[in-house]
Amino acid sequence: MFNLRPDMIDYLDTLNEPQREGVLTTDGPCMLIAGAGSGKTRVLTYRIAYLIQQKNVDPFSIMALTFTNKAAKEMRERIEKVVGHDARNLWMGTFHSVFSRILRAEAHHLGYPHDFTIYDSDDSKSLIRNIVKEMGLDDTVYKPNTVYSRISAAKNRLISWEDYLRNAELMGDDAANLRPEIGKIYKTYAMRCFKSGAMDFDDLLFNTDKLFKEHLEVLNKYQHRIEYVLVDEFQDTNLCQYFIIRKLSSVKENVCVVGDDAQSIYAFRGADITNILNFERDYPDLKVIKLEQNYRSTQNIVQAANSVIKRNRAQLPKNVWTANEEGNLIELIKAVSDNEEGRLVATSIFQEKMQHQMKFSDFAILYRTNSQSRAIEEALRRMNIKYKVVGGLSFYQRKEIKDLLAYLRFTMNQQDEASFRRIINLPKRGIGDSTVDKIVVAANDHGTSIWEILQNATPFVGGRAAGPIDDFVAMIKRFSLETQRKDAYDAAFEIAKGSGLLRELYEDKTVEGLSRYENVQELLNAIKEYVDDPERQDKTLGSFLQEVSLVTGQDEDKDKDPDKVTLMTIHMAKGLEFKYVYMVGMEEDLFPSQMMISSRAELEEERRLFYVAITRAQKRLFLSYALTRYRFGRLKNCEPSRFLDDVDQSFIKVSTKFAGLESAPPSSQYAKNLVTGIKKTIASAPAAPKPTTYKAPADFTPSDTSALKEGMKVEHPKFGFGTVLQMDMSGADRKAKINFTEIGEKTLLLSFAKLRIIEN
DNA sequence: CCTGATGTCCTTTTT
DNA sequence: GGACATCAGG
């Protein structure tokens, strides 16, 4: 390396040896195995800077792909800091956003309009629900969720509906699960999406692959345009994404992937760890670089994390270590209820902040599921601790926002069935379900589109609805015309007003109505901002909609007050770090989630999730659990998570400051009330109230638990085979401790258990 | 066709 | 506890 620019030398000086290698190995295939906290974002940032500034690579020929909007945004900011304005021209973003841009430019090759609509999973699921209904199938068997995830998994594995119907194994699986029609639903769904000019999330990837497969001239164009491909969080790519990466980079072969198998937590959406193995196979001259030094956390935290992850079987060998100080032990907080847990965490944050002069923004509270934030939020509010919740029900999933967006989409694309169903009777204009059904049936019978029927609806619908439909059609045509000569903001404002949506919300003076009105205003503001951005080339409504469909992350930090405690799920936390981390809800069935422990692979993924949570912490880590918790509106007894035992106990100490009931100062009336209150609630909790509706085969024993004895072999529909170790028939909660072959010991509430006795 | 009341299902993570 | 579907009655 000679003639390095001085600023480049400065950057490189701050790196350790493997990191520097990661920056400088620009040509040829390269894989960075980056342990938690090993500074991979820095490597990626400098690598891009090095390409642009030292090797004079045109930013326009570098593609950097990430998984979440958040990661993309952060990387862009960091690169901008180093290379300045040039960063603007990088192909950088999430897989979905980058490829939707390519698809937008090339849509005509696939027979899609260039302003195709993007369906989010809610749109997809309701479309599936409608299809199931139309096919006359039982929607308790063909649940939209089940069908959707089946279709999604197929697309992620590049299986088209044609392939699906031909695939004996898939069809056999479906038949065995008594859902033989899923293939047909897939077909109808795919065709309906196509007719609607719409792609769902998976289509954005699936169709990109298809585009490159079927139109080699297009692939060729991008292959030559893009000289360097970088992929962050490679362990989270699915097969489809992997194929796209490989195709795109097959000419120059300058592909660099960065990942950590220990942080693979997206198998549920098709991520495939074997991509890492395939990668070595597909690129024999692959250069593998391991980043093993952790710069983020104390020794205690790093070692505790290692002690957890080493319980997993399959992993790439690596040794994550740190030269940082030893640090405090991990503190274990026990609480009696979810509310007390919130209170203890809030108190602890308050004290630590005071004691060590920390900022609120140094703290994060992580949980497994979004619904856990409620109890915590209440406690924080009560203590006047400022916080922000990241993720959760995003702005763009709110009803009023989706309603307006549906109007905007339908104005752009009258073939869009999902939007049509949303807005046809909103505000109420006397076009009910039966009328909609008639229209859809007519469209199917005549082999034409809904929009065609709408324009001449009188012969197909009852006389009462004809007038309103004509008005609706005229209104949409007017919107569509106006949109052509206006920018996104003026068009959206016109539509919000003209449709009557704005007025309806304005007239609703309830608290919720008011906030809905404000939300719509805020969406309009967002569009205004979009239009006013001087860098923005394309200010049409179509381009705005395309972009907005992929925004799921929270409202941009308005940065009014950045000093807030961060609340989020572990999934959202990947890639971030905080001085203090509170991991709450460390309870069996919550974390690991009860849906995720039916196989060893799933349990190991949950354990990786725990690993991710631990390694977010720089200085201190707190783990907490509650003994009782409201779930589905019912108070449940909880057991501490098995993951607590996975941590090498020499790194843990039980919190003395707060230890739940036992240590509550006896003088405190509040604590006394709390205790009696909780005891009362526990005592009065109704025992297994509703008779289980589970339709089990005759030999399953949901109710007659007296037949169950220790030593019996049993089968559970989800957890597999096991042996009964211990019965606990005292009190209302009758439990059995069972040792399952797949997942180890587990205590089941018998009132909900669906056990089959195999032998006595 | 609309409204309000009741009933049912679901409980997981993200683009 | 909440989203959604369904049903009865206007």
Side-chain angles (χ1 to χ4, degrees), chain A residues 65-72 93-100 118-126 129 133 139-140 143-146 149 152 155-156 199-206 233 236-238 240-241 264-271 366-372 374-375 390-394 396-399 425 427-437 461-462 464-465 468 547-554 568-574 585 589-597 602 605-606 608-610 612-613 629-636 690 692-694 752:
Chain A
L65 300 169
T66 64
F67 259 80
T68 58
N69 292 308
K70 210 168 176 160
T94 62
F95 277 88
H96 291 83
S97 74
V98 169
F99 294 135
S100 79
I118 299 175
Y119 281 172
D120 67 17
S121 28
D122 289 341
D123 299 326
S124 302
K125 282 174 201 163
S126 57
R129 191 176 298 122
K133 218 180 278 171
D139 63 354
T140 58
K143 289 181 196 135
N145 262 325
T146 317
S149 59
S152 169
K155 285 183 186 165
N156 287 334
M199 298 192 198
D200 66 18
F201 285 142
D202 301 309
D203 287 333
L204 293 177
L205 307 173
F206 184 86
E233 308 284 11
D236 291 333
T237 47
N238 59 38
C240 186
Q241 289 161 323
S264 164
I265 54 174
Y266 281 108
F268 71 90
R269 78 172 203 210
L366 306 183
Y367 35 77
R368 176 70 233 268
T369 72
N370 279 306
S371 57
Q372 285 170 260
R374 283 181 143 260
V390 179
L393 228 206
S394 97
Y396 289 100
Q397 285 175 4
R398 290 179 200 163
K399 182 180 177 302
N425 200 25
K428 300 263 185 307
R429 50 172 73 88
I431 308 174
D433 292 344
S434 57
T435 308
V436 172
D437 286 346
V461 300
R464 213 172 354 160
E547 211 151 294
V548 95
S549 311
L550 297 169
V551 175
T552 51
Q554 238 14 43
M568 60 185 151
T569 62
I570 313 171
H571 280 89
M572 295 280 340
K574 190 158 70 166
D589 287 349
L590 224 199
F591 188 42
S593 156
Q594 62 177 333
M595 342 251 358
M596 280 292 283
I597 52 172
E602 286 181 344
E605 174 151 324
E606 292 283 290
R608 288 195 290 271
L609 203 52
F610 186 34
V612 170
R629 175 180 299 277
Y630 277 97
R631 281 179 95 185
F632 328 126
R634 178 150 288 131
L635 194 71
K636 285 260 189 214
K690 73 174 171 190
T692 170
T693 53
Y694 176 70
F752 294 111

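Proteins get letters first, then strands, A, B, ... in listed order; numbering begins at 1 in each. Below, each value reflects all heavy atoms present in this structure, side chains not excepted, and no hydrogens, waters or symmetry copies.
Residue A:K133 places none of its side-chain N or O atoms closer than 4.0 Å to OP1 or OP2 of C:dA5. Taking side-chain N and O atoms only, A:S371 has no distance below 4.0 Å to OP1 or OP2 of B:dT12. For the pair A:T569 and B:dT12, the criterion of a side-chain N or O lying under 4.0 Å from OP1 or OP2 is not met.
Within the nucleic acid shown, A:T68 comes within 4.0 Å of sugar-phosphate atoms alone, with no base atom in reach, counting heavy atoms only. In this structure, A:R129 reaches the sugar-phosphate backbone alone: every heavy-atom distance under 4.0 Å involves primed, P, OP1 or OP2 atoms, never a base. Residue A:S97 is out of contact with every strand shown, counting any heavy-atom pair closer than 4.0 Å. Nucleic acid contact for A:N425: sugar-phosphate only, since backbone atoms but no base atoms lie under 4.0 Å from a heavy atom of the residue. Residue contacts shown for A:F95 are absent, as no nucleic acid heavy atom lies under 4.0 Å away. Among the atoms of the strands shown, only primed sugar atoms or phosphate atoms (P, OP1, OP2) are found under 4.0 Å from some heavy atom of A:R374. Within the nucleic acid shown, A:N145 comes within 4.0 Å of sugar-phosphate atoms alone, with no base atom in reach, counting heavy atoms only.
Of the possible donor and acceptor atoms, one in the side chain of A:S100 sits under 3.5 Å from a partner among the backbone N and O of A:S97.
Residues A:S434 and A:E606 both approach DNA chain B. Their nearest nucleotides, taken by heavy-atom distance, put A:S434 toward the 5′ side. Two residues, A:R429 and A:S593, neighbour DNA chain B, and the one matched to the more 5' nucleotide by heavy-atom proximity is A:R429.
The side chain of A:N69 sits closest to B:dT15 out of B:dT15, B:dT13, B:dC10. With distances taken from any side-chain atom of A:T94 to the nucleotides B:dT15, B:dT13, B:dT3, the minimum falls on B:dT15.
Contact annotation: the side chain of A:S593 approaches that of A:R368 to within less than 4.5 Å [non-hydrogen atoms, C-beta and beyond].
Taking atom OH on A:Y367 and atom P on B:dT13, their separation rounds to 10 Å, with Å as the unit. A straight line from NZ of A:K125 to C1' of C:dA5 spans 17 Å, rounded to a whole angstrom. Remark: P of B:dT15 and CG of A:D122 are 14 Å apart, rounded to the nearest angstrom. What separates CD of A:E547 from P of B:dT15 is a distance of 15 Å, to the nearest Å. With rounding to whole Å, A:K574 atom NZ is found 20 Å from B:dT12 atom P. To the nearest angstrom, P of B:dT12 lies 15 Å from CZ of A:F591. For the pair A:Y266 OH and B:dT12 P, the interatomic distance rounds to 16 Å; values are reported in whole Å. Atom CZ of A:R629 and atom C1' of C:dG1 are 15 Å apart (whole Å).
No hydrogens or angles were tested; on distance alone, nothing pairs the side chain of A:R269 with the base of B:dT13 as donor and acceptor under 3.5 Å.
An aromatic stack links A:F268 and the base of B:dT13, using centre distance under 5.5 Å and interplanar angle under 30°.
The same atom, C1', is picked in C:dC4 and in B:dT13; the two are 22 Å apart, to the nearest Å.
Listed by chain and residue number, nothing satisfies the side chain to side chain donor-acceptor pair (under 3.5 Å) test with A:R608 (two or more places apart in sequence, or in another chain).
For the residue pair A:P144 and A:K125, the shortest heavy atom distance occurs at CB-O, 3.8 Å. In plain terms, the two heavy atoms of A:L205 and A:F99 that are nearest each other are CD2-CD1, 3.9 Å.
The pair A:K574-A:D236 meets the salt-bridge criterion, with a side-chain N (NZ, NE, NH1 or NH2) lying under 4.0 Å from an Asp/Glu carboxylate O.
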